[in-house]
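All chains are named by letter (A, B, ...) in the order of the sequence lines, taking the proteins before the strands, and each is independently numbered beginning at 1.
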Amino acid sequence: MAASDLNLRQTLFCGQCFRWEENPDGVFSGIAFGKKCVIRQEENKSLTDDPIWRTYFDLDTDYGFLQKRLSGISPVLSEAVQYAPGIRILRQDFWEALASFIISQNNNIPRIRGIIARLCENFGEKFNDGYAFPEPQKLLGLLPEDLSSLRCGFRARYLLDAAQKVCAGEIDPVSLQKMPLEKAKTQLMTICGVGPKVADCVLLYGLHRMEAFPMDVWMKRAMKTLFPGMKPEDFGQGAGLAQQYIFYYSRQHPELFLEKNSLKLSDSKKFCSGRKL
DNA sequence: GCCCAGGGTGTTT
DNA sequence: AAACACCATGGG
């Protein structure tokens with residue numbers, strides 16, 4: 001029962017992770033916690049048998065209950081839930097989530113995937129036909145130019161600062177897990193290159209803090225158009241999950257925002273310099 | 001608070 | 001061909 005509602009495509013391509021692939025024959029493959037997974041949607045029930053994947057796909061959480069509660073908040077949210085009921089918030093490795101979302105800033109998904117792939121190929125352990133995500137220790141003592149092969153630009157020094165703080169224990173997932181959300185967020189933001197948005201992503205995807213609500217450009221647009229006047233807190237405990245349904249729904253329905261996009265070119269120009277929407 | 005740069009890629013005009 | 005947009009942030 002637990003795994004039957006897991007949809008691999010919705011879960012693995014809703015923007016929360018960057019290392020999974022779907023082959024044309026419907027086979028999903030990915031690596032997490034140094035282990036490779038190759039699986040088809042029809043076989044997803046077998047994931048409950050392996051503790052690693054049972055945890056990774058959050059199969060012990062009752063999403064039906066959460067969905068029901070969220071759906072009661074607003075008809076639009078109910079529709080977003082119905083659109084992708086098979087989404088689950090993955091329990092990813094903390095460091096992988098931290099590094100990945102530092103890389104993700106002001107960036108597009110194809111390029112994020114490329115940078116992370118090169119990070120693993122260059123610094124991760126090879127096994128079978130893939131590479132593990134490199135431990136932060138692998139980046140210790142390096143200079144930004146040592147990461148030039150990643151072509152991650154200005155994000156290189158951010159990655160190095162994150163690795164240094166994690167290795168030094170200044171950033172510790174175990175203690176972050178116990179802290180109140182805002183305190184953990186403040187703590188994460190002491191890393192150079194981690195602002196409010198990246199911190200919320202790390203809290204949600206790397207520490208499974210379901211209250212965290214990452215606000216990226218798409219979410220700002222979606223909130224304005226679909227939930228005028230509503231704030232993240234209005235979604236309650238499962239705000240992060242609500243965010244994921246809304247994010248996925250919005251990305252799959254860009255036409256909902258076309259009017260806004262073409263409204264003012266001068267406005268979208270301003271986006272890259274910081275403020276918009 | 002305001003404004004700009006930083007890097008590269010996919011997408012739109 | 002050129003401009004735009006991108007799962008933001010740091011620094012002046």
In whole angstroms, how far is the [atom2] atom of [N] from the [atom1] atom of [X]?
X: A/I102; N: C/dG10; atom1: CD1; atom2: C1'; answer: 13 Å
X: A/F18; N: C/dC6; atom1: CZ; atom2: C1'; answer: 12 Å
X: A/I109; N: B/dT11; atom1: CD1; atom2: C1'; answer: 14 Å
X: A/E145; N: B/dG6; atom1: CD; atom2: P; answer: 17 Å
X: A/N106; N: B/dC4; atom1: CG; atom2: C1'; answer: 12 Å
X: A/L150; N: B/dG6; atom1: CG; atom2: C1'; answer: 16 Å
X: A/R251; N: B/dT11; atom1: CZ; atom2: C1'; answer: 12 Å
X: A/R155; N: B/dT9; atom1: CZ; atom2: P; answer: 11 Å

Item to complete: Check the side chains of A/Y245 and A/Q82 for a donor-acceptor pair under 3.5 angstrom, ignoring hydrogens and angles.
Response: no
Looking at every strand, decide which applies to [X] at a 4.0 Å heavy-atom threshold: base, sugar-phosphate, or nothing.
X: A/Q16; result: base
X: A/I112; result: nothing
X: A/R157; result: sugar-phosphate

Identify which nucleotide among [options] has an atom closest to any side-chain atom of [X], counting heavy atoms from C-beta outward.
X: A/C192; options: B/dG7, C/dT9, C/dG10; result: C/dG10
X: A/N108; options: C/dC6, C/dA8, C/dT9; result: C/dC6
X: A/Y158; options: C/dG10, C/dA8, B/dT9; result: C/dG10

Worksheet item: Is A/R113 near enough to B/dG10 that one of its side-chain N or O atoms lies under 4.0 angstrom from OP1 or OP2?
Response: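 So the side-chain polar atoms of A/R113 never come under 4.0 Å of the phosphate oxygens OP1 or OP2 of B/dG10.
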Worksheet item: Does the gap between the ring centers of A/F227 and A/F235 come in under 6.0 Å?
Response: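 Ring-ring flag for A/F227/A/F235: true, centres closer than 6.0 Å.
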Item to complete: Evaluate the ring planes of A/F33 and A/Y56, with Trp represented by its six-membered ring, and classify them as parallel (under 30°), tilted (30 to 60°) or perpendicular (over 60°).
Response: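 Because their plane-to-plane angle is over 60°, the rings of A/F33 and A/Y56 count as perpendicular.
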Discussion item. Tell me whether the rings of A/F154 and A/Y158 are parallel (<30°), tilted (30 to 60°) or perpendicular (>60°).
Written reply: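 Perpendicular: the ring planes of A/F154 and A/Y158 meet at over 60°.
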Practice prompt. State whether the side chain of A/R88 and the backbone N or O of A/D5 hold a donor-acceptor pair below 3.5 Å, judged by distance alone.
Written response: no
Expressed as a whole number of Å, how far does the [atom1] atom of [N] sit from that of [M]?
N: B/dT9; M: C/dT9; atom1: P; value: 22 Å
N: C/dC6; M: B/dC2; atom1: C1'; value: 22 Å
N: C/dC4; M: B/dA5; atom1: P; value: 15 Å

Worksheet item: Mapping A/M189 and A/W218 onto DNA chain C by nearest heavy atom, which one lands closer to the 5' end?
Response: A/W218
Worksheet item: Which residue, A/P110 or A/I115, contacts DNA chain B at a nucleotide closer to its 5' end, judged by nearest heavy atom?
Response: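 On the 5' side of the pair lies A/I115.
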Worksheet entry | Pair A/E125-A/K138, salt bridge (charged side-chain N to carboxylate O under 4.0 Å, His left out): steps then yes or no | CA-CA 10 Å; A/E125 297 288 339; A/K138 297 271 183 178; 2.8 Å; yes
Discussion item. Does the structure show a Watson-Crick or G-U wobble partner for B/dC2, both distances under 3.5 Å? Name it, or say none.
Written reply: C/dG12
